[in-house]
Amino acid sequence: MTTIRKVIIPAAGLGTRLYPITKAQPKEMLPLGRKPAIQIVAEEAVANGLDQILIITGQHKRAIEDHFDIGLNGHSSATNHNFFPNILSNGDVSFFFVRQSRPRGLGDAVAEALPFVGDEPFAVALGDAVITEGGCPAGVLQRMGELFGDRRPAAVVAVRQVPDDAVSSYGVVEPSNGVGEAFSISDIIEKPQPSEAPSNFAVTARYIFSPQIFSYIARTPKDDSGEVQLTDAMRLMLQDGHDIWAVTLASGEIRYDVGNFYEYAKAFIVMALADPEEGTALSQYVKEIVNGRHPAKAANGEEDWE
Ligand code: UTP
């Protein structure tokens, strides 16, 4: 079985949907509870056996590189609240950085990884998308790697079912022959209208590729906004007769897209409420707010909020 050790984390996008928060700071550094989102993504990769991490950065993204330094004080990203710096300080995880000089789309960002990847298969984990299972790193990348090793397709994508009226926000796959925990696909359509969607299984922020993907990215035309989309490159692969498989998120695995405010806020709340030290007190605080009592006023003996 092929052991995949390299993972690309693209983090060079502009994050315009979160303006003004992300005008001068990376969305990937937004906190989810006590950790920045990209640290949680890196932890998930490491938990799934990926220990060589290439982060694609760009303008206004320098904070990401600083974050993964050990730092002069010896503990920059190390706190009692994560396992990741322990692995880092053991020297078992290596970080590399490359810049995408202009954000020209996810396909273009992944193309920057060619010198790092060489002729090995590799994983891609979007830096603004967290997939957790009960607050722990999800195992979907491991399952994708196993499928890649067993079947040797050109690519494997993670997918999850989304409501029918939400398909136009995602890349959507066409199953070749039924669906299940893993299934082969015959097409991928970027942001289809619900009436034209081939299924409601949406591509979900995790991929495994054979190095063939680079030649397909190179020949993928830009879309209407001038970006090179990874799903379009995968579509060309399928049209050339390559095999691509989908692996569905397990029922407990939840993906949060930190790039839009609603999802970001949900992810922050979930992580903060799961905090081992402050989670219980915070849950109580949130309950009081939801029940219409303003905790600060109640503490001062003032009237209820409503
Ligand atoms: P998105 O499409 O969600 O990011 O990319 P965006 O372009 O920053 O979003 P908006 O529309 O402006 O709000 C998903 C992931 O791919 C990276 C992003 O940083 C994010 O982690 N990405 C996207 C790149 O690295 N380069 C790109 O050109 C585009």
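Each ligand, and each atom within it, is numbered from 1 in the order the structure gives.
Each salt bridge (charged side-chain N to carboxylate O under 4.0 Å, His left out) pair with one or both residues in residues 50-65, not counting sequence neighbours, appears once here: R5-D51, E28-K61.
Side-chain contact check for V173 versus S199: some heavy-atom pair is nearer than 4.5 Å.
In this structure, ligand 1 sits under 4.0 Å from heavy atoms belonging to P10, A11, A12, G13, L14, G15, T16, R17, K27, E28, Q100, P103, R104, G105, L106, A109, L126, G127, D128.
Side-chain contact, S225 with E227: no donor N or O sits under 3.5 Å from an acceptor N or O.
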Compile the donor-acceptor pairs under 3.5 Å between side chains in residues 255-262 and protein atoms, sequence neighbours left out, one pair per line.
{"unit_1": "D257", "atom_1": "OD1", "unit_2": "G259", "atom_2": "N", "d": "2.8"}
{"unit_1": "N260", "atom_1": "OD1", "unit_2": "Y262", "atom_2": "N", "d": "3.3"}
{"unit_1": "N260", "atom_1": "OD1", "unit_2": "E263", "atom_2": "N", "d": "3.1"}

Please table the atom pairs, donor to acceptor, closer than 3.5 Å between any side-chain atom in residues 119-141 and protein atoms at least two apart or in another chain.
{"unit_1": "E120", "atom_1": "OE2", "unit_2": "K6", "atom_2": "NZ", "d": "3.2"}
{"unit_1": "D128", "atom_1": "OD2", "unit_2": "K27", "atom_2": "NZ", "d": "2.9"}

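Residues V167 and F201 fall into different hydrophobic clusters, defined by Ile, Leu, Val, Met, Phe, Trp and Tyr side chains chained together at heavy-atom separations under 4.5 Å.
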